[in-house]
Amino acid sequence: KFERKCNFWYYTTGDCQTKILLRAFDMQKIDFHLDVYDANGRHVEELLNGTYKAGKYDIAWVASEYSSGIYFVQAQADGFTATQKLMLVK
């Protein structure tokens, strides 16, 4: 399962930034992709795409150019996928 490879969660700061906290477990390296989609399923931004060592990462999504609404953050790691709903309120 995805949770065995890594996990992620987010929180929003007051300046239209969303911090996505990523933690990768038990691996020397992990192929990781982190993308943001709008409520209609359109890809709006790629936040990560590459190979990372196991550890903790703090990724910022600066959403100042996007309108308020529902977005989805999708994480893919070594063939596993997890998605979380994110509400952007300005």
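On a predicted model such as this, the values are computed, not experimentally measured, just so you know.
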Heavy-atom donor-acceptor pair, D38 side chain to N40 backbone, under 3.5 Å: yes
Side chain proximity check, E45 to D35, heavy atoms < 4.5 angstrom: no
Shortest non-hydrogen contact between A60 and L47, atoms and distance: O-CD2, 4.4 Å
Test item: F72 and L86 side chains (from C-beta on) under 4.5 Å apart, heavy atoms: no
Any donor-acceptor N/O pair, Y66 side chain to V44 backbone, under 3.5 Å: yes
For T51, side-chain hydrogen bond (donor to acceptor under 3.5 Å, both in side chains) partners two or more places apart: D31
Any Q74 side-chain heavy atom under 4.5 Å of L34 side chain: no
Side-chain heavy-atom pair H33, L48 within 4.5 angstrom cut-off: no
Listed partners of E46 passing side-chain hydrogen bond (donor to acceptor under 3.5 Å, both in side chains), at least two apart: N49
